[in-house]
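Got a structure here, written out as structure tokens. Questions coming.
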Amino acid sequence: FCVAAGLRERERETERFRDLILLRPMDDGKLSVEGFCVAARAFADKWKRNKQMLPPWSWVPLINRTLLVPNKEEGYLSLEKIILKECPEEESVNEEGSMDHTILEIPEEESLDYCALVQNVEKEAHYYDFHVVYSASYRVPVLYFRGYCSGGQPLSLDVIKEDLPSGSLGLLLESKWTFITQEEHPYLNRPWFKLHPCGTEEWIKLLSSGGCQMTVDLYLVSWFSVVGQAVGLRIPLEMLN
Amino acid sequence: TSSSVIFPLTKYEASSISMATTESPSSVRKVVVHLRATGGAPILKQAKFKIPGTDKFAKVIDFLRRQLHSDSLFVYVNSAFSPNPDESVNDLYNNFGFDGKLVVNYAFSMAWG
């Protein structure tokens, strides 16, 4: 029995990796943990190449944790210290001449004149961290996020909603597929907000029903095209190439 | 050895080509949008439209919302992508258009209540 089970497990693993290598399309809208790692790396890579106005996502590996699949690298994607809303009193930094973007790149801390800011800016700057984490129970990615002031004080959900573009708010309020809950970050032992993943499987399946086979390397691009809208982050169309 | 000879275009020929391929400031290219029901959403009686390429995708979304009397729609294109409402229809057509049209899929997203 043990030998047979071992062989079966080996077969399953080979198939899992063959799926990844061949980038077979997703059948059920879900990702394996290995698939998530592949998708995350591909997403971070495309983002870096196409979205120069924002910092790149970093891959944060999980070490010394109870890994779902032993000896396989697990981790999550992290994008931190993002400013979502332009404060009207502040001068634009790193804007590169685009008035339409609501996203500014966070200026280097050395270049910020905190004394001047405290005097002149009525509104404190709000910063946002975003993590894309794999959910083993739902087998889909989940977006965790939090907001905070320059002093580190966390922002309440009401304040965060004020920073989101109106389209995002609409998405969050209207649809059961994108709603926010607050819970402890799976790895950081602090309360974060998250976009609940319960609807993800359904809408991912819809997305991939449109005549185009979604492959693992593009999974997070497609996923983020929906999820990003709920939190005011935008995906450039070129990321699909 | 043979060499190719290039005959310069007559003025008439040149202006015909330029009309077909470039936009004069006074005319705006229109894009054919085909609205496609998915996930059990109702099929529109009229599903094909021609709209200015400079329009934002938001216009298509708003139109669908009005036609279907629903604010919670899930709207996406054939490349497994849900475009931001700010994208121009021209850009979407250039990236996702096929066979002379832009197919826009819609479904009801799960609404509250």
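Chain A is the first sequence line, chain B the second, and so forth, proteins listed ahead of strands; every chain is numbered from 1.
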*Could you check if a side-chain atom of A/E202 sits within less than 4.5 angstrom of a side-chain atom of B/S109, using non-hydrogen atoms only?*
no

*asked:* At a heavy-atom distance under 4.5 Å, which candidate from B/L92, B/N94, B/N84, B/N95 has the highest pair count against chain A?
replied: B/N84

_Non-hydrogen side-chain atoms of A/S222 and B/F81 separated by less than 4.5 Å_ = no

*Heavy-atom pairs under 4.5 Å with chain A are the metric here; pick the option from B/A58, B/P83, B/S70 that has the most.*
B/P83

*Are A/L237 and B/F96 close enough, and set up right, to give a side-chain contact (heavy atoms from CB on, under 4.5 Å), and what steps lead you there?*
CA-CA 9 Å; A/L237 303 178; B/F96 307 115; 3.8 Å; yes

*Where do B/S82 and A/Q229 come nearest, in terms of heavy atoms and distance?*
O-NE2, 3.0 Å

*Can you tell if the side chain of A/S209 reaches within under 4.5 Å of the side chain of B/Y76, non-hydrogen atoms only?*
yes

*Just wondering, do A/L207 and B/F74 contact through their side chains at under 4.5 Å, heavy atoms?*
yes

*Where does A/L240 contact chain B at under 4.5 Å (heavy atoms): side chain, backbone, both or neither?*
side chain

*asked:* Which atoms of A/I235 are under 4.5 Å from chain B, going by heavy atoms: the side chain, the backbone, both sets, or neither?
replied: both

